[in-house]
A.B. asks: 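The structure is given below, and queries will be raised subsequently.
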Amino acid sequence: MDIAYIPSPSTGVIHLGPIPLRGYAFCIIIGVFVAVWLGNKRWIARGGKPGTVADIAVWAVPFGLVGGRLYHVITDYQLYFGEGRDWVDAFKIWEGGLGIWGAIALGAVGAWIGCRLRGIPLPAWADALAPGIALAQACGRWGNWFNQELYGRATDLPWAVEITAGPNRDAGTYHPTFLYESLWCVGVAFLVIWADRRFKLGHGRAFALYVAAYCVGRGWIEYMRVDEAHHILGVRLNVWTSIVVFVLAVVYLVLSAKLRPGREAVVEPDTSGGKDGADAAPADADAATGAADAEKPEPAEAKTPVLTKDAPAKAEAEAEAPEPGKR
């Protein structure tokens, strides 16, 4: 009996002449644009300047891509450095393999550099970008659909994804865990937006909420996956990572709310206004000085004797004249 299912693309790449257009990369690019677009709107609403989010993303995105790839290669090293493997494949990012944990960690380093250069607080920038990052993950997970990867156990549910036979996979219909995670991330984005409006989250708490909520979903979705993974005490590595990161995010939420309640009053200094004010201050000082000088009475000018032609003779006659009382 035929069953309903989600068909997988026959190929993950389309060639536009000599240029390959890869579905995996396309989904990541869309995700980046969505994150920057939404982050920019939220940043402006917080009092920031247009374009700041994009400027810092120029630092965060490359760092994030490198971090995501490093995490994947390190935790799945046997795929690239095992017997019969080619280590050069570790650089083929378009074939899939980005670990969100590494992407967020190293991406935060890049964002920190960008924030330092702009003189703005990293937590405030992260709060503005948090729901956008969740939506970016939702978009990026569809890249796994193009590569026919990250699916769960076999199932005949109507929303099962069809997987064709290929290297390290058997043909059949499976739980579309990439779809589950994509929908979960959309829900996380709306949760962060709602909570931010309701509780006025600041000082990195909106970002911490995103991290905690994502970890909850990643934990149960990871249990459904059947792809090869390292285990610790019989539990997949990413499940342990989700637990640890979840605890850290919740601890940060609690401590931050106690130590730094409320929101940042100013998220981005007005450097242009500061410059104009600095220029105006000396001008005002000069004007005040000029006014004060104008009010001061001018000192009397010393009269300089005017010399005439008869002045030398007169002076000589006065010198020869005897003083009164002396002959």
A.B. asks: Between His230 and Tyr77, does the ring centre distance come in under 6.0 Å?
C.D. replies: yes

A.B. asks: Between atom CG of Asp127 and atom CG of Leu209, what is the distance when rounded to the nearest 0.5 Å?
C.D. replies: 10.0 Å

A.B. asks: Say you draw a straight line from OH of Tyr24 to CG of Asn147; how long is it, rounded to the nearest 0.5 Å?
C.D. replies: 7.0 Å

A.B. asks: With the threshold set at 4.0 Å, does a side-chain nitrogen-carboxylate oxygen contact exist between Glu268 and Arg46?
C.D. replies: no

A.B. asks: Taking C-beta and beyond as the side chain, do Leu38 and Phe33 meet within less than 4.5 Å on heavy atoms?
C.D. replies: no

A.B. asks: Contact between Phe207 and Pro123 at the side-chain level, heavy atoms closer than 4.5 Å - yes or no?
C.D. replies: no

A.B. asks: Under the side-chain contact (heavy atoms from CB on, under 4.5 Å) rule, what do Arg263 and His203 come out as? Steps first, then yes or no, please.
C.D. replies: CA-CA 6 Å; Arg263 272 183 173 176; His203 301 287; 5.7 Å; no

A.B. asks: Aromatic contact between Tyr80 and His72, with the criterion being ring centroids under 6.0 Å apart: yes or no?
C.D. replies: yes

A.B. asks: Could you tell me whether Arg42 and Asp196 make a salt bridge, using a distance below 4.0 angstrom between a side-chain N and a carboxylate O?
C.D. replies: yes

A.B. asks: Is there a side-chain contact between Leu157 and His175 in this structure, where contact means two heavy atoms from C-beta onward sitting under 4.5 Å apart?
C.D. replies: yes

A.B. asks: Atom OH of Tyr252 and atom CG of Leu259: how far apart are they, to the nearest 0.5 Å?
C.D. replies: 9.5 Å

A.B. asks: Below 4.0 angstrom, N of the basic side chain to O of the carboxylate: do Arg236 and Asp227 qualify?
C.D. replies: yes

A.B. asks: Are Leu150 and Arg225 close enough that some pair of their side-chain heavy atoms sits under 4.5 Å apart?
C.D. replies: yes

A.B. asks: So how far is it from Thr173 OG1 to Ile6 CD1, rounded to the nearest 0.5 Å?
C.D. replies: 11.0 Å

A.B. asks: Salt-bridged, Asp55 to Arg118, with N to O below 4.0 Å?
C.D. replies: yes

A.B. asks: Check the pair Ser242, Trp101 against side-chain contact (heavy atoms from CB on, under 4.5 Å), reporting the backbone distance first and the verdict last.
C.D. replies: CA-CA 9 Å; Ser242 298; Trp101 315 113; 3.3 Å; yes

A.B. asks: Is it true that, when you exclude Phe199 itself, more than 12 heavy atoms of the residues, nucleotides or ligands shown sit nearer than 6.0 Å to its CZ?
C.D. replies: yes

A.B. asks: Any side-chain heavy-atom pair from Leu122 and Ile56 closer than 4.5 angstrom?
C.D. replies: no

A.B. asks: Side chains of residues 128-145: which donor-acceptor partners sit under 3.5 Å, not counting sequence neighbours?
C.D. replies:
{"unit_1": "Gln137", "atom_1": "OE1", "unit_2": "Tyr210", "atom_2": "OH", "d": "2.4"}
{"unit_1": "Arg141", "atom_1": "NE", "unit_2": "Glu181", "atom_2": "OE1", "d": "3.3"}
{"unit_1": "Arg141", "atom_1": "NE", "unit_2": "Glu181", "atom_2": "OE2", "d": "3.0"}
{"unit_1": "Arg141", "atom_1": "NH1", "unit_2": "Asn144", "atom_2": "OD1", "d": "2.8"}
{"unit_1": "Arg141", "atom_1": "NH2", "unit_2": "Glu181", "atom_2": "OE1", "d": "3.4"}
{"unit_1": "Arg141", "atom_1": "NH2", "unit_2": "Glu181", "atom_2": "OE2", "d": "3.2"}
{"unit_1": "Trp142", "atom_1": "NE1", "unit_2": "Ser182", "atom_2": "OG", "d": "3.3"}
{"unit_1": "Asn144", "atom_1": "ND2", "unit_2": "Glu149", "atom_2": "OE2", "d": "2.9"}
{"unit_1": "Trp145", "atom_1": "NE1", "unit_2": "Pro7", "atom_2": "O", "d": "3.1"}

A.B. asks: Working to the nearest 0.5 Å, report the span between CG of Leu117 and CH2 of Trp112.
C.D. replies: 9.0 Å

A.B. asks: Is the Trp87 ring parallel, tilted or perpendicular to the Phe91 ring (thresholds 30°, 60°)?
C.D. replies: perpendicular

